[in-house]
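Below you'll find the structure, written out as structure tokens, and then a few comments.
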Amino acid sequence: MSSQDIDVASLSFEQLKKVRAYLKKMIELGGSDLHVKANSVIRARINGNLIQFAGDIFLKEDALTFAKELLKSRYAEFLEHKEIDLVYPYDERNRFRVNVFFQMDGVSAVFRIIPVKVPTIAELHLPEVIKAFTQKERGLILVTGATGSGKSTTLASIINEINLTKKKHIITIEDPIEFVHKDRGCIINQRSVGQDTLSFSAALRAALREDPDIILVGEMRDRETIDLALHAADTGHLVFSTLHTIDAKETINRIIAQYPTDEQNRVRLSLSSVLQGVVSQRLIPTVDGKRRAALEILVNTPTIEKLILEKRDYEIRETLEKGREHYKSQSFDQSILDLYDEGIISKEQAKANATSASDLELRISGLSSGQVSAGSVDAQAKNLTKESGNDIFSLKD
């Protein structure tokens, strides 16, 4: 046994038991993340806010012991790479995505809850155009947003919808696997990076030889993965993936910027032809203390395709707003205005999360005074049919 190996039999698992007690408390409070840090108290994210739990300082030595108890045989891997991802099954109803890492005071870990039940599109209050994306036979659909904005939840609901309504072969490549899908109408092979494959790009390359209809790539992290995803979409597959971008325009710019200048025109041509849609998300605190996702939705149309090809990305947001009635596209501010007008979010939160707070203020004023802008007309019409309800996006990324 090397000096880095762990004698599991010698561990008492007392520190892990302490952390499990905090996980239990967080679950009871409806939290999403537990933060464990050496030389600090334990905190949880409840409805978007970090709350300090009462208790003793988690000592540096205890945090190191906790890492050994949690990781066991993977502890040597943790020492080598200084950080590690895993899924921790708390019980039959609750699982956590965990990242353990070193920081200046010792070991830290963040647990993010993964709901066992895969949410439906309706339960997430996603617009009907999201369901329309599940009917596509080929192309690229991207779900984007900051960390914790609900991207994985939205993608899980999309895969669930396809699983219930179609007969396809779906391959998912994730880091790590979060929602577990059971075969219904579809056969679903879920692969975890690090455990079932060495990388996103390696698994995506292999997937093209595994007779897939649909491929989900957990994240397009590098140019090689983007290249393979574009190729898969171009050769008749439906590809879903995520990017950490704030809106549709930045999503397109981020993909193009991965390439040298002399290759960007080629990538624009490829992207404009295979892109089916972009769903960008922002989670906003609601008046009842929960959170709801505001969505910017790009549906690729001849106009959008032309804007991408001609490098007129700055016109995308206006085009999304104009295309709301016919194509069901929308900007963030249109979505946020809907949530405000339905009484789901406050005016303060609406302005704080808007792309343009001043524009949103004018639209709100237009609604109240009868001087309604075109975007506000869309929002007002949608409000007549859209139902409000409880949010479950706060559970995870």
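Remember, it's a predicted structure, so these values are computed and weren't measured experimentally. For the single chain, residues carry numbers from 1 onward in sequence order.
- In this model, no donor atom of one side chain and acceptor atom of the other lie less than 3.5 Å apart for Q258 and R223.
- Under the 4.0 Å criterion applied to side-chain N and carboxylate O atoms, K347 and E361 are assigned as salt-bridge partners.
- Considering D213, I214, I159, I170 in turn, I170 is the only one that fulfils the side chain to side chain contact (heavy atoms under 4.5 Å, CB included) rule with C186.
- Geometrically, R282 engages F332 in a cation-pi contact defined by less than 6.0 Å to the ring centre and at most 45° from the axis.
- For the residue pair N160 / S157, no side-chain donor-acceptor distance below 3.5 Å is found, with atom types taken as modelled.
- Heavy atoms from other residues, nucleotides or ligands lying under 6.0 Å from CZ of R266 number more than 12.
- A salt bridge between E14 and K68 is absent, with no side-chain N of the basic residue lying under 4.0 Å from a carboxylate O of the acidic one.
- Residues F96 and R112 fail the side-chain proximity criterion, which asks for heavy atoms closer than 4.5 Å.
- A side-chain donor from one of T154 and Q281 sits under 3.5 Å from a side-chain acceptor of the other.
- The two atoms that bring G277 and F133 nearest to each other are CA-CZ, 3.9 Å, heavy atoms only.
- When atom types are taken as modelled, the side chain of E305 and the backbone of T301 share no donor-acceptor pair closer than 3.5 angstrom.
- Taking OG of S201 as the start and CG of L228 as the end, the distance is 6.5 Å to the nearest 0.5 Å.
- A salt bridge links R221 with D175: the distance from a Lys NZ or Arg NE/NH1/NH2 to an Asp or Glu carboxylate oxygen falls below 4.0 Å.
- Put simply, F240 and L275 are part of two different groups of oily side chains (I, L, V, M, F, W, Y) that touch within less than 4.5 Å, one to the next.
- Taking NZ of K24 as the reference point, atom CG of L34 lies at 14.0 Å (rounded to 0.5 Å).
- Not less than 6.0 angstrom separates the ring centroid of Y22 from the ring centroid of F111.
- A side-chain donor-acceptor contact under 3.5 Å links D91 and N94.
- Applying the salt bridge (charged side-chain N to carboxylate O under 4.0 Å, His left out) criterion to R205, with sequence neighbours excluded, gives E224.
- Here the CD atom belonging to E174 is positioned 9.0 Å from the CG atom belonging to L155, to the nearest 0.5 angstrom.
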Could you go step by step and tell me if I297 and L320 meet the side-chain contact (heavy atoms from CB on, under 4.5 Å) rule?
-> CA-CA 7 Å; I297 300 173; L320 298 186; over 6 Å; no
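- In this structure the side chain of L216 never reaches within 4.5 angstrom of the side chain of I171, judged on heavy atoms.
- Counted by atom type alone, E321 and S331 present one or more donor-acceptor pairs between their side chains at under 3.5 Å.
- If you run salt bridge (Lys or Arg N to Asp or Glu O under 4.0 Å) between E178 and each of R97, R95, K151, only R97 comes through.
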Should Q135 and K166 be marked as a side-chain contact (heavy atoms from CB on, under 4.5 Å) after you check the CA-CA gap, both sets of side-chain angles, and the distance that decides it?
-> CA-CA 9 Å; Q135 302 300 315; K166 292 181 174 292; 3.5 Å; yes
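- Side-chain contact annotation: S108 with Q103, donor-acceptor N/O pair under 3.5 Å present.
- Going from atom CD1 of I304 over to atom CZ of R312 covers 10.0 Å, rounded to the nearest 0.5 Å.
- Salt-bridge check for E123 with K117: passed, with a basic side-chain N closer than 4.0 Å to an acidic carboxylate O.
- Between A354 and L360, the closest heavy-atom pair is CB-CD2, 3.7 Å.
- No more than 12 heavy atoms of other residues, nucleotides or ligands lie within 6.0 Å of CD in E92, so this atom counts as exposed by the packing criterion.
- Annotation: cation-pi pair K25/F53 present, NZ/CZ under 6.0 Å from the ring centroid and within 45° of its normal.
- In D56, the CG atom is not crowded: 12 or fewer heavy atoms of neighbouring residues, nucleotides or ligands sit closer than 6.0 Å.
- Residue H237 holds its NE2 atom at 10.5 Å from NE2 of H169, rounded to the nearest 0.5 Å.
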Might you work through the ring-ring contact (aromatic ring centres under 6.0 Å, His included) test for F102 and F78, ending with a clear yes or no?
-> CA-CA 9 Å; F102 282 104; F78 172 54; 4.5 Å; yes
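- Side-chain contact between I255 and L271: present, with at least one pair of heavy atoms (C-beta onward) separated by less than 4.5 Å.
- Note on D313 versus K249: no salt bridge recorded, every NZ/NE/NH1/NH2 to OD/OE distance being 4.0 Å or above.
- Side-chain contact of S280 with T144: a donor-acceptor pair under 3.5 Å is present, judged by distance alone.
- In this structure, E210 CD and N189 CG are separated by 7.5 Å, a value rounded to the nearest 0.5 Å.
- In this structure, a donor-acceptor pair under 3.5 Å is present between the side chains of Q349 and N353.
- Ion pairing between a basic and an acidic side chain is recognised when a charged N comes within 4.0 Å of a carboxylate O; K168 and E137 show such pairing.
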